[in-house]
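Take a look at the structure set out below.
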Amino acid sequence: MTKVYLRKKIAPRIANGHPWIYGNEVDHIEGPVEGGEIVEVYYGPDKFAGKGYINPKSQILVRLLTRKNEPIDDAFFLRRIKEAWQYRQKIGLTENCRLVFGEADQLPALVIDKFNDYFVLQTLSLGMDKWKPAIIQSLETLFSPKGIYERNDVPVRELEGLPQQKGFLSAPFTTRILIKENGLQLYVDVENGQKTGYFLDQHLNRKAIQHIVKDAEVLGVFTYTGSFEVHAAHYGAKSVVGLDISDNAVLQANENAKLNGLENICRFEAMNAFDVLKQWAKEGKKYDVVMLDPPAFTKSRENIQKALTGYKEINLRGMKLLRNGGFLVSSSCTNLVSPEQFIHTIEQAAWDAKKRIRQVCFQQQSPDHPIIPGMENTNYLKFLIVEVTDRN
Ligand code: SAH
């Protein structure tokens, strides 16, 4: 087996659990380098570090799968996926959950979302893509799924020299699936929805709005399938208006409201949030709760400042639409903005909007997306509720 020897300086990060090895962190390689193949990694001449897969096309040359000198075979993947499932059972997230969260489950570049009896898969690197048959077999063994769908239609695959593709990995099934969450029913479109079809990472955060929305007039912005908004209506909001720029998202959200008999309370419209919030603030519209869940404003480190400006702008506008003593519910889903930076940005927005804020709750993603210290990409979602009062 090909052996990869690391530069000395790199050892502590790898020893501390980080599974990525960049090309420039390697001292030398013994043996052929074939994309997707399993290699042995060493800290020094004979100090074993682990085994992983290699891809010379990728900036991340090796991703470690194990720290043990064990065979990487079908049984290995079955074991890992079983361990991931056991963890979800321990934390009580089983019906719908992220079954595998890549690096955080020691299965780098693999994502598997479970929507009751259906599974959606992403293999985002060449080395992981090669094991797709073993992964599918593991799911068959552990769950006897009603269906498995591949959502590999994502640009990051191209960095690995892989094509973008989506389709069935099982016998075809109706790709609009019905799920239950916090006592509600929701449609999830695993074929054409965003990412894997539904944002499971906000599961417990949707529950966190339960008390503040009671009898409230609620505005939800960036609603996608309307999950937060339908929750708000379910938890007793007087009225809920939801906005998303995508016609298809609005269609789905209105259907989700109807599915739960909440269509008289919950109404969704296709609009550009940036225009509307400005306009409505000018018109003096007011709400008791404003919820914001924008897309990642940046995917690259160079644009962090721009992203922070975007978050500040949108939150400032949200606050201006609140009645005195109302609540702002605000999310950010990029790991490039840290929790501290995010909270600081909201504080700045409050200052500029001449408001005072009081933190009600700060949470991150649900624990089926565990955060691993030192692995920045696992620490990504910020979810904040603040009470907002006028500053005089
Ligand atoms: N709150 C949702 C997830 C939102 S994802 C949930 O819990 O499922 C972000 C959404 O923002 C996407 O649906 C996207 O269509 C929408 N969006 C992007 N730019 C927008 C804009 N300028 N105005 C309104 N919506 C926008």
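As the structure lists them, so they are numbered: ligands from 1, and atoms in each ligand from 1. The basis for the numbers below is simple: all heavy atoms, side chains too, and nothing from hydrogens, waters or symmetry mates. Throughout, residue positions are numbered sequentially from 1 according to the sequence presented.
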Check: H203/N96 side-chain N/O donor and acceptor closer than 3.5 Å: no

Which residue and heavy atom of the protein sit nearest atom 6 (C) of ligand 1, plus the separation: S227 OG, 3.5 Å

Check: Y42 ring centre within less than 6.0 Å of F48 ring centre: yes

Chi angles and distances behind the side-chain contact (heavy atoms from CB on, under 4.5 Å) call for L184, L262: CA-CA 11 Å; L184 285 161; L262 297 167; 4.2 Å; yes

F274 and ligand 1 - part of the residue with a heavy-atom distance under 4.0 Å: side chain

Part of Y224 with heavy atoms under 4.0 Å of ligand 1, whether side chain, backbone, both or neither: both

R206: numbered ligand 1 atoms lying under 4.0 Å from its heavy atoms: 7 (O)

Distance flag, aromatic centroids of F168 and F173, threshold under 6.0 Å: yes

Residue, atom name and distance, where the atom is the protein heavy atom closest to atom 4 (C) of ligand 1: F222 O, 3.2 Å

Ion pair check, E37 and K130, cut-off under 4.0 Å: yes

Any side-chain donor near an acceptor of the partner, Y198 and E181, under 3.5 Å: yes

Sequence-distant partners of Y87, ring pair (Phe, Tyr, Trp, His ring centres under 6.0 Å), two or more places apart: none

Heavy atom of the protein closest to atom 25 (N) of ligand 1 (residue, atom name, distance): I245 N, 3.0 Å

Per-residue contact class, A273 against ligand 1 - non-hydrogen pairs under 4.0 Å: both

Shortest protein heavy-atom distance from atom 22 (N) of ligand 1, along with the residue and atom involved: N272 OD1, 2.9 Å

K180 to Q185 - nearest heavy-atom pair and separation: CG-CG, 4.4 Å

Protein heavy atom at shortest distance from atom 12 (C) of ligand 1: Q194 NE2, 3.2 Å

Proximity to ligand 1 by part of L243, non-hydrogen separation under 4.0 Å: neither

Location of contacts on M271 toward ligand 1, heavy atoms closer than 4.0 Å: backbone

Within the 6.0 Å centroid threshold, strictly below: W85 and F143: yes

D293 N/O under 3.5 Å from ligand 1 N/O: yes

Nearest neighbour of atom 10 (C) of ligand 1 from the list V230, L186, D244, on a heavy-atom basis: D244

Nearest protein heavy atom with distance in Å, relative to atom 18 (C) of ligand 1: P295 CG, 3.7 Å

